[in-house]
Structures are given as structure tokens and as C-alpha cells.
Amino acid sequence: VVIVVVVLVIVNFNYRSIFRILSERHYLIPYIQYKDRAKVTMPVVHRCRFVPFQPRAVNTITFQSTRTQALRLAVSRDNGSIEIWNMANNWQHEWTIPGGENTSVEGMVWVEDRLFYAGLRGSIFEWNVRQRSLVAVLDSYGGPVWCMATSLEQQQLAVGCEDGSVKVFSYENQDNLNYVRTCDSMQGRVLSVGWHPTDAIVVAGGSDGTVFVLNSDSGRTLLSVKISKDILIWDIALLQDMTIVTADSRGCVEIYNGQFGSRIASFQQHEADVLSLAVNKNEDTLYASGIDNKVIQIKLLEQQNTANWVVTGRTRDHTHDVRSVAISPNDILVTGGVDSNVITYNNLSQFGQSGSTHKKISPFPQQPCVEVSSSRNLLFHQDRILQLWRLGDNDTGKDEGQDSDGQNSPQLLLQLSPAAADNIVCSALSDNGKYLAYSTITGSRMFTLTHEVRVIAWTLNCDRICKQANNVILQSKQKFPPVNKMMFTKDSKSLIRVTDSHFQTYGLHEKASSKECCLCNPPSKTEGLPGPLLLALSPDSKLAAVSTSELDIYDIKKCSRVCRVPRLVSSPCAIAFVPDKQRILIATVSNQIFEYDIAKEKFTSWSKQNCQALPDLLRITEMIVNISFDPNRPGQAMLHTHTAMFSIDLSKTLPKNENSKPQNKDAKKPSKRRKIQNQSDPKASNTNKSKSESNGFKIMRKYKPLLFAGYSAPGELVVVERLWLEIIKALPPVLSRRKYGT
């Protein structure tokens, strides 16, 4: 009788109550997410960590030398590329001069719109930054170049070469860079060179431990100071009063009298080589750093009616060697090195103190280097490597790249590198996965991809295939001139190519033809320097949006401009078309969101109400990298930075940030026990989520650092992460230092 009663009680018990209890205790959440995915509104997430992105080390940093305030910065990397950054636009990366194989930038000077740089190849390059074009290439006449300096008054360059001489070039002519003369040579190579602010005097430091003071007009030696034969003088500066500042391989920063050669002061604050120096505009503060990643500040202070140089601050914000230190005319200090980070210091009066702050500029690209297609393919490019991956099924709920067997693990279909020594500028993958294209500074190529079961070996004379899957065949289809941006239309019928001055369409089927039209606002006709080149295509493959200094909408079929979006207060950093509507969503460097109606040629009412709400909600200085839409939910936009993802419902008003409002001091803060109860209580957490969902804004910080986040197909979100631990493993070892207590 007892057994029968127990069975009847179990049968009659409400099984839904058991399910509800287990759900509230978080026992069935994984089961719901992966076994009953059809009932879940969240998309399937392909979490990818297999992309081998590796940030490049910083070699040289220089500010734009102008008669007015400098607003831009040039940063050279160890792969030979040079990045142009806009400080006024929230440190926006505007443009990159691509490097190449076995190239380096050891010396760099930026005067007005002319950028000069040289490296170990022994050639001097001149670029017009406004027109984004290579102007001239000139031999150094002295072998590999190790350093470079300029004089705005003399309009000349001083170049330190491998043969121990300093070459002088003149850029007085706006069209050409002319060789002037060779100064007296030293025994070793010239590692550092500096120019007097006003006079025709050059100071140089070499690998033999000697400092030379030279007359740039005659090339004769005025003074030589032998510091030591066993040291390397990595950097040198010459002040207005003929004071010489040196940084050497002993870890010393020394100050000399440039007229008599006597030493004024010596500071050995570093444990290894000091690689870089920087002097402020008033010439009363020095900054130095090197291999031990310590940045020191040395000031000229009045003590007992005499001026003495004193160390006033020090900090360690880099993890590895610091290779370059630069300071702007408005006292903004910028450092960079092997860890690939660029760090800025604005408040130099509190440098090295406990309350001082700094800003770290992420080395991750501000425009995605990853592209996905609905055929579950992923395309990645960096430097001279182009990889094509096949995404896994991800039916087990694990991160992609962690499963080693079966169809759940991603597969590398193809890896190739251009035959030329240039780095890849841009790449594109068609949505059906049949076409692949990329461009370098010398030309662009397009290929067709076919997947077969049989094993076929395929070789190309134009490109070097590093890795190739057995079922992938790569065929060369077309050669094009170089472009800056390219993208296939959603229907995979046309390839859109954009240069600094032209908008081009190329049909992929046999009867199609190519069309070309000039951009309505090329960079050469803009008032200031052009901004980053952005390209977006509509889902119906009818419209294209191109942004440089202005944002223009083009008709792809007619290859003509439709309209121009009014200029915004801040520069755009990401653009995307809204599905099923003739509207475009624009994100700016100040994290403002604008929605523009192309048919009515005006901003929507949602844009006017919510454009200022996003900065208060995010409360971060990082700019938006990418915008994408899920075809299943065309009214919700997915945006992401390098550290966060967030979705915006374009049909709802964005909420106001309650945390930004001043709180009442008399209000009681919730206790720790209350916080734990709220976290464990599903009803309390659901009410908080429902508020954010009802307001149309959700933020997620689970995935970081983010290289890319976007939808590859309806209901499938691809998230590409690159962990800093993996990046640090590929970096060289740091200097071994003895720490306190060890």
C-alpha cells in the first residue's frame, strides 16, 4: 500500500514545478540554450579564438611639424607600415602607409603635408599625406639609414647613415627632395642626429661613443666629444642654448655644453640602454626611456639662484622595451615600444605621481581585418598573410578552436601571401564563398574558389600559397590596379572598389561590365587632411556609402551619386545600411549614433532623439569598430568596440544613464547581503534585464579583446577574440630586473 501511494504522488506531482525549480537554480540553463535552440531568441554565437592576429611593435613616433598646433601623429611599426593618427578625433586611426617584407622605418620626419622616412634599405621616401600618394624615392648615398632630423628654419633634412656620415637634403622645393652635401664622417655608424632649432648646426652621435657638432652649411666639424669607445649613443638632442643631451647604452642620460664639450650633468636612472629622448617646446623638461620600460622626467629647476637638471618623475606603464618617446608642442607625451601599445600622457605636471593618469591606445585595428560570409567562411589578413577559414558547426556550445575532432573544429582552407614584397592593404570575400580578392600598394587580385573532394595540387606564379586544404582549388580570375577599399555585393554579382579618387564597380558574371566614376570629394580637394576611408553596401546590392571627409551615397548600377549626408560634428568611424529600409546608421568617434533616411534626405526622428544618449550609456572613450544587423531582427543593430558589444533597438527610445545623475548622500547603500540576494534571486535579475530590454539597449562585456563581431547568417553571430595572454607569448622576453623582497 505504501509503494502504491508513493507512485501515485509522484505521478500526480506537477512536473512543471520541478522544471521551474531547477531552472531557477540554474541547473537547466545549458540544456535550454543548446538543446532547445529553436525556442531561444538569442542567436547562435561562433566564438573564435583561432585567428592569429599579432600587433606589431612600435619603432618610431613623430608629430606633425607645422607653424600652428600639431594635431596628428605618425607611428611606424616593425613591419614597415606607418599609421596616421588624429589626436583631435579621439585618437582616430585615419590611414596607414603599408610596409612590406624586410622593411623598417628607423627615421621619420613630418613637415606640413610632407612625410619623410627611411630605413635599413638605404632609401628615403617622401609621401604627400593630403593626397595619400608616394611623391619620391631617393637614395641616401650612405647605405642604411639609422636616424633622421629636420630644421624648419633651414628646410633641410639631416640623415645619419651606415658609412658614418651625415647627409644633408633640402626640401625647400615643394616638388622635389634634393641632395645638398655630406658632412665630415666618423669611424662608426651614425645612430642619432639632432638639429639646432634656428641655426645651421647639426649634432650627431655614433656607435663609437663620440658626439660631433657639425656645420650644415659647410659640413665641417666644429666640436667632437669622446664619451667612451664602448658605448652606443642611441639618441641625441640640441637645445637653443647649445646644450647637448645624449642617451646611451649604459643607461645614462647626460647633458653637455655644446660650445666647450664639458659635461654638465649625468643621470643613470635606467638599468639598460636608453633608446629615446624627447624635449618639450620650452626646453626645460626632458623625457627618456629604453629597454627597462621606465620613462623618466628631468626638469630644469632653479636652486639657490642656479638652474640645475633634476629627476622629477618616473613611471612604468609599458610591459616591454620602449623604443620611442615624442612630445607635442602642446605638451602631450606619447610613448611606444615592443608591447605594441601607444600610451599618451596629457597632464605632465603630475607625471609619475600617484594621481597621474594616462591613456592606452589599443593596437587592435579600428577597421576590422576580418570578414565573414553566409557560407560560414571567415577571411583574415595581416601584413603579407591572407587566411581563409571554415567555421565549425558549434552545436556543442563550446568555443570554436577548442574542439580538435569532428566537424565542430574550424578548418584552415587557404593561406597565401602576395608574390610582391608589399603588405596587404585590404581584402574581400563574397557572400557565397566563391570569390576572393585582395589589394596591395602595387596591384589587386581576384580569385575564384571551388570546393572538391578529390586532391588537386594547384600552383600559381603570381602568388605563393603557404597552406591549402585538399578540397580547395584557387584560380586566378582578374588583375586590377591597386585600391584602398573593396567589397562584394550581397548577391555576389559585383565587386566594389574604392580608391582615394574613384568609385568603381566590376561585374562578376560574363555579360557584366565595369563602371567607374570620380568621387565627389576626393582627399586632394578637402580643406584639411582626409579622414579614414569607410565603405558599406546595402543588403539589396543597390546602394553604396563611401566616407572620407564627406559621406556620399552612390547607386551601384548607375555608378553615380544619389545624395550626400550632412556633415556631422565629429568624424564617422563606422557605417552600415539598415536592412529593408533606405536608411544608413552612422557611428562617430564621440560614440554618437545617427540614422539618416536616404529617400527623404534627412535624419530620422529616432536619430534626433537618441543621438546623444549613447555616450552616457557606454561611458567609455573607445570608439565603435563595426556595425552589423541580424536579418531575423532588422530593427536591432549590433555594435562593438574592442572591449564590449551592445545592441540598439531602432524602434525604441534609448534610456538615460541613471548612474550619471548625482545621487543623494543621505540615501542608504544596499548591504552586501542584499546584493547577494538580488544576484541569486532570478526575479530581481529579470526585472533589471527587462528594464534594459524594454528601453532597447543591451550591453555585453563577456567577449574581449574583440577583433570582430558581426552576423554571418540569420541567427548566427561570429565573435573573434584575441587574448592578450596569447599575444604576450609571442613577444620577446623582458629585461630581467631584481624586484624588492626577492
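We're numbering straight along the sequence, starting at 1.
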**Request:** Heavy atoms only: give me the nearest Met645-Leu717 pair and the separation to one decimal.
**Result:** CE-CD2, 3.6 Å
**Fill in**
d(Ser570 OG, Asn89 CG) to nearest 0.5 Å is 7.5 Å
**Request:** Establish, from distance only, whether the side-chain atoms of Glu622 and Thr643 form a donor-acceptor pair under 3.5 Å.
**Result:** yes
**Request:** Answer yes or no: is there a side-chain heavy-atom contact under 4.5 Å between Glu550 and Arg567?
**Result:** yes
**Message:** Looking at every heavy atom in both Val562 and Glu601, which two are closest together, and how far apart are they?
**Reply:** O-OE2, 4.2 Å
**Residue among Asp317, Thr315, Thr357 satisfying side-chain hydrogen bond (donor to acceptor under 3.5 Å, both in side chains) with Tyr345** = Asp317
**Prompt:** Do the side-chain N and O atoms of Thr604 and Glu595 include a donor-acceptor pair separated by under 3.5 angstrom?
**Reply:** yes
**Message:** Show, in sequence, the C-alpha distance, side-chain angles and deciding distance for Met87 and Phe63, and conclude whether the side-chain contact (heavy atoms from CB on, under 4.5 Å) test is met.
**Reply:** CA-CA 10 Å; Met87 298 185 294; Phe63 284 92; 3.4 Å; yes
**Asked** For Pro530, does its backbone N or O pair with a side-chain atom of Thr548 as donor and acceptor, under 3.5 Å?
**Response** no
**Asked** Do Lys698 and Gln636 get their side chains close enough for a donor-acceptor pair, meaning under 3.5 Å?
**Response** no
**Asked** Can you check whether Ile593 reaches Asn610 side chain to side chain, under 4.5 Å on heavy atoms?
**Response** no
**Request:** On the 0 to 90° scale, with breaks at 30° and 60°, tag the Phe603-Tyr596 ring pair as parallel, tilted or perpendicular.
**Result:** perpendicular
**Asked** So do the side chains of Cys563 and Ile598 get within less than 4.5 Å of each other, counting heavy atoms only?
**Response** yes
**Message:** Main chain of Leu706, side chain of His642: is a donor-acceptor contact present, judged purely on distance under 3.5 Å?
**Reply:** yes
**Leu348 vs Ile327 side-chain heavy atoms within contact, under 4.5 Å** = yes
**Short side-chain to backbone donor-acceptor contact, Asn341 and Ile343, under 3.5 Å** = no
**Asked** Have Thr335 and His318 got a donor and an acceptor in their side chains that come within less than 3.5 Å?
**Response** yes
**Asked** Taking atom NE2 of His358 and atom CZ of Phe351, what is their separation to the nearest 0.5 Å?
**Response** 10.5 Å
**Request:** Specify the closest pair of heavy atoms between Thr588 and Cys573, including all atoms of both residues, with the distance to one decimal.
**Result:** O-SG, 3.3 Å
**Item:** Atom pair CD1/CE of Ile496 and Met486 - distance to nearest 0.5 Å
**Value:** 11.0 Å
**Message:** Between Val718 and His46, is the side-chain contact (heavy atoms from CB on, under 4.5 Å) condition met? List the steps.
**Reply:** CA-CA 5 Å; Val718 178; His46 294 270; 4.3 Å; yes
**Asked** Would you call Lys602 and Asp597 a salt bridge, taking side-chain N to carboxylate O under 4.0 Å as the test?
**Response** no
**Message:** Any donor-acceptor pair under 3.5 Å linking the side-chain atoms of Asp500 with those of Asn484?
**Reply:** yes
**Request:** Answer yes or no: does atom NZ of Lys558 have more than 12 heavy-atom neighbours from other residues, nucleotides or ligands under 6.0 Å?
**Result:** no
**Message:** Tell me the closest heavy-atom pair linking Ile584 and Ile553, and the distance in Å.
**Reply:** CD1-CD1, 4.2 Å
**Asked** Do His640 and Asn626 come within less than 4.5 Å of each other through their side chains, counting heavy atoms only?
**Response** yes
**Request:** Examine distances only and state if a side-chain atom of Asn423 and a backbone atom of Pro98 form a donor-acceptor pair shorter than 3.5 Å.
**Result:** no
**Item:** Within the 6.0 Å centroid threshold, strictly below: Phe708 and Phe380
**Value:** no
**Fill in**
What one should report as the nearest heavy-atom pair of Thr440 and Pro482 is O-CB, 3.3 Å
**Prompt:** After noting the C-alpha distance and the side-chain angles of Thr150 and Tyr171, does the key distance pass the side chain to side chain donor-acceptor pair (under 3.5 Å) rule?
**Reply:** CA-CA 10 Å; Thr150 184; Tyr171 57 86; 2.9 Å; yes
**Request:** List in chain and number order the residues that pass side chain to side chain contact (heavy atoms under 4.5 Å, CB included) with Ser541, two or more places apart in sequence or in another chain; answer none if no residue qualifies.
**Result:** Thr489, Lys490, Asp491
**Asked** Are the side chain of Gln592 and the backbone N or O of Leu614 linked by a donor-acceptor pair below 3.5 Å?
**Response** no
**Asked** Using the ring of each side chain (for Trp, its six-membered ring), is Phe364 parallel, tilted or perpendicular to Trp724, with breaks at 30° and 60°?
**Response** tilted
**Request:** For the residue pair Pro365 and His93, establish whether any side-chain heavy-atom pair is separated by less than 4.5 Å.
**Result:** no
**Message:** Quick one: does any side-chain atom of Ser324 pair with a main-chain N or O of Ile61 as donor and acceptor, under 3.5 Å?
**Reply:** yes
**Prompt:** Can you tell me how far CH2 of Trp110 sits from OG1 of Thr62, rounded to the nearest 0.5 angstrom?
**Reply:** 8.5 Å
**Prompt:** Residues in salt bridge (charged side-chain N to carboxylate O under 4.0 Å, His left out) with Glu371, at least two apart?
**Reply:** none
**Prompt:** CD/Gln366 to CD/Glu83 distance, rounded to the nearest 0.5 angstrom?
**Reply:** 9.0 Å
**Asked** Is there a donor-acceptor pair under 3.5 Å between the side chain of Ser76 and the backbone N or O of Thr60?
**Response** yes
**Prompt:** So, Asp431 versus Ser374: side-chain donor-acceptor pair below 3.5 Å or not?
**Reply:** yes
**Asked** Is the side chain of His381 donor-acceptor paired with the backbone N or O of Asp383 at a distance under 3.5 Å, no angle test?
**Response** no
**Prompt:** Looking at Phe577 and Leu537, what are the two nearest heavy atoms and their distance?
**Reply:** CD1-C, 3.4 Å
**Prompt:** Roughly how far apart are Asp331 CG and Asn347 CG, rounded to 0.5 Å?
**Reply:** 10.5 Å
**Asked** Would a distance-only check, ignoring hydrogens and angles, find a side-chain to backbone donor-acceptor pair under 3.5 Å from Ser547 to Leu533?
**Response** no
**Message:** Looking at Val483, is its backbone amide N or carbonyl O close enough to the side chain of Arg497 to form a donor-acceptor pair, meaning the two atoms are under 3.5 Å apart?
**Reply:** no
